[in-house]
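In what follows, a structure is listed as structure tokens, so that the remarks can point back to it.
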Amino acid sequence: MENELEKWIIEADIASMQHAMSAGRITSEQLVHIYLTRIEKYDAILNTILEINPDAIDIAKDLDEERKVKGSRGSLHGIPILLKDNIDTHDRMHTSAGSIALAESFAAADSFVADQLRAAGAVLLGKTNMTEWAGYMSGDIWAGYSSRGGLTLNPYDPGELFVGGSSSGSAAATAANLAAAAIGTETSGSIISPSSQNSLVGIKPTIGLVSRTGIIPIAHSQDTAGPIARTVSDAAILLGALTNMDECDVETLASKGRSFQDYTPFIDANYLQHARIGIPRFYYQELDKARLDIVEAAIAVLKQKGATIVDPVVLPCEQTHWDGNVMRYEFKKDLNDYLSKLSGKIPVHSLADVIAYNEAHSDQALKYGQGTLIWSEETSGTLTEQAYLDSKKRDKEMSREQGIDHALKEHQLDALLFLGAEGGTDLAARAGYPSITVPGGYAATGIIAPGGYTTKGPQGITFVGTAFSEPTLIKIAYGFEQATKHRIQPELATAAKIEVE
């Protein structure tokens, strides 16, 4: 029976799991056991999970009992969800951002995101590996690598295909069906990139839609948590559970009247008939033929389904030279604020402490160096430098008024179309605007990209919109998903060299 349930769980969506639990065909406890079995069987090679929640089974049992006595809390009741390792949980799991310096750090309280998920009835199954410090450690660090967890691999061809960063573990685990879905975080591309590379749906929300309280930061101007799932419907369910106003994160106050606790009403395959989508050809210049073909095929599908395609669309900001000042200056201030509140038992309480700790443990901590940490430490940590203030103002103006908003208004567009994390994610990140990526196909060939990885493998089609346009982006993404059905499950038995019974 357990083997049959494991077969059933592969690619099952949240609604199916919820229906099965409501009908008494499966319990949350059984779901947790199935996923733990799959993690034990396959994660030795993929390396997606840093630690399992030791209380997961007991939590699932309690939720099963609650369902019997009080009924279901909703769509996430009893559903096992993984969290990226920079998201605080007040339990027996650590929160380390992948760093050995925080390997023994227990959060004093749940992050707002974890609290929201628990309230919705989700089972927090475990913490996923990630690019250390969300990639903001060194220009040479490999996506998916952390000193605490090692290197996460892409389940579609472990060791050969780019896994994407920095929510690598959250994406690879979800793609491999090691949990129902996962939560990632993004500053610039860290949800969209691994979701695209692992044939998943990822939503990077508008800044202010999801609270950042209790999340190890990079830069408050751009940081956000968001869902990573196998379907648009699952991502919409998760997004609704995450959104709420938080007095400790003033950015969320801007979401009043512009957010929803349920995004599933926007699951509408027919919306494409009314959609207007822009094609920013400037951002396709670096694509090799295999990936450009995927974009062209996506455009053809959208046209066939009735969408109005405006091609090309020119953004005034296209020739802008972007700098990294916002992240550089905000990282020190934001990280110091987080670390200063940690227990005295933890060896680091500032960015300077982290750098010193890494130097003292260089054999384990500095495989790829820490040049970016040192670069940020050189700032004052007060956010008063004129270079920072000028860059922040310029980023917003160029990415919004001279970028996304300009194109949308000039052509009355709903969204712009990009391939995966190519170009559009950085633009949306600087603007604080939302993105959603959906499986777009598989590139059988590729070129060697910066960092030494090949561009072949799963590719996502990414839609970018203006502030709080998640409902429209979900409609477009769902219509595209239903018209194409590009996602296929990875062949884990082959990848893990396991003989299938």
Side-chain angles (χ1 to χ4, degrees), residues 83-90 94-116 127 130-137 146 148 166 183-188 190 205 207-225 244-254 324-358 370 372-389 391-392 395 429 432:
L83 295 178
K84 188 175 179 179
D85 183 46
N86 59 349
I87 300 173
D88 282 353
T89 55
H90 183 49
H94 303 87
T95 305
S96 71
S99 171
I100 59 169
L102 296 182
E104 298 304 320
S105 180
F106 290 103
D110 267 347
S111 60
F112 195 88
V113 162
D115 186 61
Q116 289 281 109
K127 293 288 185 73
M130 57 181 283
T131 315
E132 189 164 345
W133 298 114
Y136 209 73
M137 181 172 182
S146 71
R148 184 179 169 214
S166 66
I183 307 300
T185 65
E186 174 161 326
T187 308
S188 182
S190 290
I207 299 301
L209 190 66
V210 177
S211 170
R212 286 81 54 86
T213 300
I215 298 177
I216 299 177
I218 289 184
H220 61 265
S221 291
Q222 297 182 197
D223 287 349
T224 182
N244 213 336
M245 287 186 289
D246 172 17
E247 292 183 0
C248 295
D249 184 350
V250 295
E251 289 285 347
T252 64
L253 303 182
N325 281 342
V326 171
M327 285 193 282
R328 180 193 183 191
Y329 285 90
E330 289 186 3
F331 181 70
K332 180 176 181 177
K333 170 68 165 61
D334 294 349
L335 186 65
N336 282 350
D337 287 348
Y338 176 89
L339 294 176
S340 67
K341 299 179 180 68
L342 295 184
S343 162
K345 298 177 182 178
I346 305 305
V348 296
H349 293 89
S350 68
L351 176 56
D353 288 348
V354 172
I355 293 168
Y357 181 94
N358 289 340
Q370 56 178 344
T372 307
L373 297 185
I374 293 169
W375 186 53
S376 181
E377 175 59 24
E378 291 169 353
T379 69
S380 71
T382 62
L383 302 184
T384 57
E385 288 93 335
Q386 195 62 44
Y388 162 70
L389 298 172
S391 289
K392 185 176 180 180
D395 276 6

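- Without hydrogens or angle criteria, H349 side chain to S343 main chain gives a donor-acceptor distance under 3.5 Å.
- Two residues are said to be in side-chain contact when any heavy atoms from C-beta on lie closer than 4.5 Å; Y136 and L335 fail this criterion.
- Checked against F331 for a side-chain contact (heavy atoms from CB on, under 4.5 Å), the options I218, T379, T187 give a single hit: I218.
- Side-chain contact annotation: T89 with K127, donor-acceptor N/O pair under 3.5 Å present.
- Contact annotation: the side chain of Y357 never approaches that of L102 to less than 4.5 Å [non-hydrogen atoms, C-beta and beyond].
- With D249 contributing its side chain and R212 its backbone, the two residues share a donor-acceptor pair below 3.5 Å.
- Here the side chain of Q222 pairs no donor or acceptor atom with the backbone of M327 at under 3.5 angstrom.
- A donor-acceptor contact shorter than 3.5 Å is absent between the side chain of E251 and the backbone of I207.
- In this structure, E132 CD and D85 CG are separated by 10.0 Å, a value rounded to the nearest 0.5 Å.
- Side-chain contact, N336 with S350: no donor N or O sits under 3.5 Å from an acceptor N or O.
- Between S211 and the choices T224, N244, D115, D246, the side-chain hydrogen bond (donor to acceptor under 3.5 Å, both in side chains) rule is met once, by D246.
- Using a distance-only test at 3.5 Å, with no hydrogens or angles considered, no donor-acceptor pair links the side chain of K332 to the main chain of R328.
- Formation of a donor-acceptor pair under 3.5 Å by the S166 side chain with backbone atoms of T131 is not found in this model.
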